Each structure stands twice: as structure tokens, then as C-alpha cells.
*Asks:* 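Before I ask anything, let me first share the structure, which is written out below as C-alpha cells.
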There are 2 protein chains.
Amino acid sequence: MSIEHRAWEVVLQSIELDLLSGRLRPGDHLPPERALAAELGVGRSSVREAIRVLEVLGLLRTSAGSGPTSGAIIVALPGGGMSALMRLQVAAQGFPVADVVKTRLVLEASVVTELAEASARAAATMDANAALHPDLSTPALLLGAMDSPALSEAEFLALDAEFHLALATASGNQVVTATMAGLRSAIEGYVRAGATGLASWPDTSTRLRAEHRAIIHAIEAGDPPAARRLVQSHIAGYYAETHLANHLPDNYADDHTDATGHPVGR
Amino acid sequence: MSIEHRAWEVVLQSIELDLLSGRLRPGDHLPPERALAAELGVGRSSVREAIRVLEVLGLLRTSAGSGPTSGAIIVALPGGGMSALMRLQVAAQGFPVADVVKTRLVLEASVVTELAEASARAAATMDANAALHPDLSTPALLLGAMDSPALSEAEFLALDAEFHLALATASGNQVVTATMAGLRSAIEGYVRAGATGLASWPDTSTRLRAEHRAIIHAIEAGDPPAARRLVQSHIAGYYAETHLANHLPDNYADDHTDATGHPVGR
DNA sequence: CTGTAGCATGTGGTCAGACCACACCATCGT
DNA sequence: ACGATGGTGTGGTCTGACCACATGCTACAG
């Protein structure tokens with residue numbers, strides 16, 4: 001029946017079917033490797049290869065020892081897998097850096113637009129219930145943390161990454177959040193390398209902080225076009241300044257993603 | 001030095017560094033597993049686990065036997081890895097189907113907008129050189145193939161997937177193309193299941209074909225807003241019809257960017 | 001000299017078995 | 001009652017062996 005001929009693919013398919021059928025759910029333990037090998041009629045090494053793949057893809061976590069926290073446990077943390085995939089694809093030249101930056105621009109514009117629209121909607125219904133407002137507490141916290149003058153470039157950029165990721169998280173879209181995390185980590189090396197070549201890091205970091213605040217403000221004000229425009233110039237501006245995106249088209253930072261539109265509202 | 005303690009992570013990191021430094025490039029052969037194991041001072045099984053991960057992520061292809069086509073060869077085909085990751089994340093409930101659909105909507109809207117803008121730009125410069133126009137020959141071919149009345153539902157949907165993927169390919173963004181491929185394959189099962197519950201498949205497929213042609217027409221006409229609107233209603237409409245996105249918001253396909261009054265497009 | 005059959009070689013794919021490190025847990029001794 | 005200690009089961013790793021397969025060389029027949 002199976003198209004799969006390699007033993008480890010049989011194991012992978014078996015686990016995927018168990019996930020789809022609900023026999024395995026997040027939090028569950030996989031059977032011990034030896035038991036799984038015996039059950040499927042393959043060697044333990046084949047089981048291990050399949051488990052290794054699932055671990056890298058962020059589907060499970062393994063730990064040795066005994067007790068309830070040991071063994072292979074189903075988790076669904078796509079961020080790590082997405083990061084590994086995109087980082088390696090960039091390293092192997094399958095993903096041009098320019099495409100990574102462009103995609104990030106599209107997704108982040110969509111994120112802040114959605115957040116601003118949610119804000120506007122919450123305000124329009126004169127809702128006293130804070131639950132309808134997007135939760136911007138984490139981004140706000142990071143905003144404050146980035147104001148510390150003692151931060152090194154690397155520390156600031158780490159907080160910056162967290163800030164943008166927190167926005168994606170606030171939008172509530174898991175796929176977008178994981179993808180953004182992957183995109184960011186894929187070009188992390190380039191971002192950091194670019195920062196060292198800046199004319200004045202204090203000037204740049206000051207500008208970045210101001211832009212962050214402006215983006216948050218536009219979201220809270222319920223102004224989607226402004227939020228979108230600000231986030232686009234924020235990202236494109238940094239990459240332009242660091243010469244990261246040298247061969248990007250001239251109209252790269254134009255506000256044509258206005259036109260990308262996206263599924264909004266709920 | 002290495003933070004990595006597991007042997008297979010050492011191997012993975014070593015290969016990643018070779019990629020980043022340019023010692024390994026697409027098309028190159030990895031050393032034989034046994035040689036790599038000896039070189040890195042680990043067991044062959046650890047090397048194999050790392051290679052397995054890279055294979056699933058789409059970074060290399062392995063084949064047994066002898067000769068120049070055998071062994072592990074660096075390729076950078078992100079589609080497969082992205083598909084595996086997203087398919088499994090959906091299976092493990094890390095990616096809600098609704099988020100997958102939303103993300104697809106965002107990306108595909110961006111793709112057709114970009115294509116339409118490129119068309120408009122090419123036309124505006126009265127350029128006789130066809131190179132500046134986006135290459136829509138593949139989507140056009142698929143459009144014709146989908147007209148065949150003998151197609152089964154599954155065959156039609158396969159061509160439909162190819163059509164949307166061809167649009168992404170035409171946009172030239174590798175990251176978006178790979179991501180769209182992954183998103184599509186993640187919900188392929190749901191799409192096919194939904195099709196069987198339709199009131200009238202002939203009616204639906206006729207409508208889908210017409211919508212495809214309208215999208216292509218809007219792109220060729222250089223009308224980004226129209227292309228965006230059409231692709232959004234196309235995708236959202238199908239999911240709504242198949243009850244795939246039951247808990248998506250009612251105004252899911254609304255185009256709020258127009259409602260803001262902000263001038264869109266260029 | 002030519003062509004072909006067949007063997008040598010090197011590759012990934014798989015398995016079995018062994019050992020280690022580790023974390024829990026039951027038992028035992030105080 | 002409590003703490004030390006060894007048992008037990010887990011993943012992590014290595015070794016060595018064998019298989020299947022594709023290539024390419026070699027020896028033999030024509």
C-alpha cells in the first residue's frame with residue numbers, strides 16, 4: 001500500500017497518520033523507540049531518523065531519563081522548524097535574501113494592518129471589554145526595554161526581533177507568526193553584519209525606536225493605512241541603510257503593498 | 001566551543017557552516033557518510049540523522065549506487081520541506097486551518113498585485129521587450145488544461161493547485177512560492193474533502209475556471225486592485241462554499257483597504 | 001579489434017547489539 | 001521519618017555487519 005520504500009518514511013507516515021486520526025495529540029508521549037521499532041517491524045535507527053526529523057520540524061521534544069517528562073512528547077512549536085528551514089535554505093542559496101525581506105514586508109504589513117483594524121473595530125463598538133482590543137502589552141514592554149542606553153547593538157537587535165515577533169503574535173495568526181520568526185532568523189546574520197557598517201548606530205537606534213512607537217501609535221489609533229505605511233518604511237529603511245538589499249528594485253519601498261490587501265476584519 | 005551536545009547537531013552545524021562559507025554549493029556532493037563520520041569523530045548513524053534532516057528540509061537529495069549521480073547532493077528545493085513542515089504542523093494542531101487559509105490569502109493577494117503592477121509598468125513604458133512582462137504562459141497553459149470536461153474532481157484540484165503555484169512562480173519570489181506550496185499541501189486533504197460535499201461540482205468548477213480567467217485578465221490589464229479583489233473572493237469563496245472555514249469571520253473576504261478611503265495601488 | 005557479459009567497487013539503507021548518561025523511583029538502612 | 005543507594009527504563013551513540021543498487025572496469029568471446 002505504502003508508496004514509501006525507505007523504512008524511516010514508513011515510521012514518519014505512521015506517526016503522521018496517528019496525528020491526523022487523533023490517536024496522537026499534543027502532550028502525548030510517543031512509544032519508546034524500541035517499542036515503535038518492534039511494532040513497525042523496522043530497526044531502531046530508522047525510528048530514530050524519523051523522530052529526528054519530527055524534532056527538527058518542531059513537532060516533538062525528546063529527553064532522556066525516566067519519568068513523565070522523558071521520552072518523545074508531541075509539541076507543536078513551528079517556530080524552530082521554520083527557522084531551521086529558512087536559515088538553511090538561505091545558506092544553500094535556495095532563498096535569496098531579497099525575497100526573504102520582501103516576504104517579511106508583505107507579512108508584517110498584513111499584521112499591523114489587521115491589528116489596527118481590530119483596534120478601530122474595538123473602538124467603534126465603544127467596547128469596554130478589553131478583550132476585543134489586540135493585546136499590545138508585550139510589544140509595549142519591549143519598546144521600553146529598547147530605551148535602555150546600555151544596550152549593545154546585538155542586544156538591541158535581539159529586542160527588535162522580539163518586538164516584531166510580538167506584533168505577529170498579537171495578530172493571533174500562528175502561521176504568520178512562525179513564518180515571520182523563520183524569516184527573521186534566516187537573515188539574522190545579515191542584519192547583524194549590516195548594523196556594524198552603519199554611519200552612526202546611536203542615530204539609527206534612536207530612529208528605529210521612534211518608528212516603533214509610531215507604529216504602535218498608529219495601531220492603537222486604529223489607523224490601518226498609517227500603520228502599514230510606517231511598518232513598510234521602517235523595515236525597508238533599515239535594509240536600505242545597511243545596504244542589505246542592494247539589488248532590490250528601486251521602487252522597493254513604494255507603498256504598493258497597500259495594494260496587496262489581505263483578509264481583514266473578523 | 002559548540003553549544004551543540006548531540007552528535008547529529010554537530011554534523012548539521014558543520015554542514016551549515018560549509019554552506020555559509022561557500023565550501024558547499026548547490027550541485028556539490030557531500031562526502032560519503034562513512035568519511036564524514038570519521039572526519040567529525042562521530043558515528044555514522046549520527047551523520048545519517050543529520051543528513052535525513054537536511055533531506056526532509058529540501059537541502060539535499062540522496063541516492064545509492066555509484067557514479068556521479070549517487071551520494072548526497074546539495075539541492076535547494078524548499079517546496080518539499082515547507083510542505084512537510086506545514087502539513088505536519090496542521091496535523092499536530094500547531095497550525096489552525098483557518099490561519100493557513102488566511103495566510104494563503106495574504107500571500108496570493110500580494111502575488112497577483114505584484115504581477116498586475118509589473119504588467120502595468122511594462123505597458124506604461126511601451127516596452128516591446130517581452131522580458132519585462134511577467135511570464136504567464138504556464139498559468140495560461142493550466143487554464144486550458146482545466147477546461148477539459150473529462151477531468152475528475154481530484155484532477156481538477158491538482159491542476160488548480162498548479163495554477164496558483166504557477167502564479168507565485170511567475171512573481172519570482174522563491175520564498176513566497178515555497179510557502180504557498182506548503183500552505184496548499186497542508187490543507188490539501190481538507191480541500192479535497194470539501195469538494196465532495198458540494199451541491200454541484202460542475203457548477204463550481206465552471207465558476208472557478210471563470211474566476212481564474214478573470215484574475216489572469218486583471219493581471220494582464222495591469223489592474224492591481226481588481227486582481228487583488230478577484231483572487232480574494234476566489235479563494236475565500238471556495239473555502240466558504242466547502243464549509244472548510246466554518247469559523248472564519250463573516251466579512252472574511254471584505255476588502256477593508258478600500259473602505260479606509262486610502263488610495264490604493266499606484 | 002570490438003562488443004558484451006559479468007564481476008569489483010563504492011555508495012546509501014538497514015539492522016542488531018552493545019554501551020553510556022540520565023532521571024526517576026522503590027527499596028533499604030539508619 | 002528520612003535520606004542514601006541501587007534498579008529500571010528512557011534517549012544518545014557507536015560499531016560492525018549485511019543488503020541493494022548503479023557504475024565502471026575487465027576479461028572473455030566473436
Side-chain angles (χ1 to χ4, degrees), chain A residues 2-15 18 24 27-75 77 80-81 84, chain B residues 1-15 18 24 26-75 77 80-81 84:
Chain A
S2 245
I3 316 167
E4 322 295 350
H5 56 296
R6 281 123 107 202
W8 63 270
E9 288 180 312
V10 175
V11 179
L12 204 54
Q13 191 180 18
S14 160
I15 295 176
D18 283 350
L24 281 179
D28 288 354
H29 281 67
L30 228 57
E33 294 175 354
R34 293 159 175 89
L36 207 46
E39 182 184 333
L40 297 175
V42 300
R44 192 186 159 203
S45 52
S46 298
V47 171
R48 297 200 93 251
E49 291 182 16
I51 287 182
R52 194 64 56 236
V53 167
L54 293 173
E55 180 178 349
V56 171
L57 292 185
L59 267 96
L60 50 84
R61 160 183 94 68
T62 64
S63 60
S66 172
T69 72
S70 76
I73 303 181
I74 306 284
V75 297
L77 305 172
Chain B
M1 301 311 103
S2 239
I3 314 167
E4 321 296 350
H5 55 295
R6 281 125 106 199
W8 64 270
E9 288 180 313
V10 175
V11 180
L12 204 54
Q13 191 180 12
S14 160
I15 295 176
D18 283 350
L24 281 178
D28 288 352
H29 280 69
L30 229 57
E33 293 175 356
R34 292 161 176 89
L36 207 47
E39 183 184 332
L40 297 175
V42 300
R44 191 184 159 204
S45 51
S46 299
V47 172
R48 298 201 93 252
E49 290 182 15
I51 287 182
R52 193 64 56 234
V53 167
L54 292 173
E55 181 178 348
V56 170
L57 292 185
L59 268 98
L60 52 82
R61 163 185 90 69
T62 63
S63 59
S66 172
T69 71
S70 76
I73 303 180
I74 307 283
V75 297
L77 304 172

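What you see is a predicted model; the values in this text were computed from it and never measured. Chain letters run A, B, ... following the sequence lines, proteins first and then strands; every chain starts at 1.
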*Asks:* Rounded to the Å, how far apart are A:L12 CG and C:dG13 C1'?
*Replies:*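 So the two atoms are 16 Å apart, to the nearest Å.
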*Asks:* In whole Å, what is the span from the CD1 atom of A:I73 to the P atom of C:dA23?
*Replies:* 14 Å
*Asks:* For C:dC22, take OP1 and OP2 only and decide whether either is under 4.0 Å from a side-chain N or O of A:S63.
*Replies:* no
*Asks:* Check this for me: does any side-chain nitrogen of one of A:R52 and A:E55 sit under 4.0 Å from a carboxylate oxygen of the other?
*Replies:*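 Yes.
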*Asks:* Is there a donor and acceptor pair closer than 3.5 Å between the side chain of A:R34 and the base of D:dG11?
*Replies:*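 A donor-acceptor contact between them is present.
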*Asks:* Rounded to the nearest 0.5 Å, how far does CG of A:L12 lie from CD1 of A:I51?
*Replies:* 10.5 Å
*Asks:* If I take atom CD in residue B:E4 and atom P in nucleotide D:dG12, what distance separates them, rounded to the nearest angstrom?
*Replies:*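 To the nearest whole Å, that distance equals 14 Å.
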*Asks:* Sub-3.5 Å donor-acceptor pair from the side chain of B:S46 to the main-chain atoms of B:V11, do we have one?
*Replies:* no
*Asks:* I'd like to check B:T62 versus B:E33 (side-chain heavy atoms, cut-off strictly below 4.5 Å). Are they in contact?
*Replies:*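 In short, these two side chains do not touch, never coming nearer than 4.5 Å.
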*Asks:* Mapping B:A64 and A:A72 to their closest nucleotides on DNA chain D, which lands nearer the 5' end?
*Replies:* A:A72
*Asks:* If you find the nucleotide of DNA chain C closest to A:P68 and the one closest to B:S66, which residue's nucleotide is nearer the 5' end?
*Replies:*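 Nearest nucleotide further toward 5': that of B:S66.
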*Asks:* When you compare the side chain of A:Q13 with that of A:E9, does any pair of heavy atoms fall below 4.5 Å?
*Replies:* no
*Asks:* Could you tell me the separation between the CZ atom of A:R6 and the P atom of C:dG12, rounded to a whole number of Å?
*Replies:*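 Distance, rounded to whole Å: 12 Å.
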*Asks:* Identify, residue by residue, the members of residues 43-60 of chain B with a heavy atom below 4.0 Å from DNA chain D, and return them in order of residue number, or none.
*Replies:* B:G43, B:R44, B:S45, B:S46
*Asks:* Just the rounded figure in Å: distance from P of C:dT14 to CD of A:E9.
*Replies:* 8 Å
*Asks:* Using whole Å, report how far CD of B:E33 lies from C1' of C:dG10.
*Replies:*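 Checked: the CD to C1' distance equals 12 Å.
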*Asks:* Output the rounded distance in Å from NE2 (B:H5) to C1' (D:dG12).
*Replies:*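 Result: 9 Å.
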*Asks:* Whole angstrom is fine here: how far is it from CG in A:L36 over to P in C:dA16?
*Replies:* 14 Å
*Asks:* Quick one: are A:L30 and A:I74 in side-chain contact, heavy atoms under 4.5 Å?
*Replies:*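 Touching, per the 4.5 Å side-chain cut-off.
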*Asks:* Roughly how far, to the nearest 0.5 Å, is OG of B:S14 from CD of B:E4?
*Replies:*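 That separation rounds to 11.5 Å.
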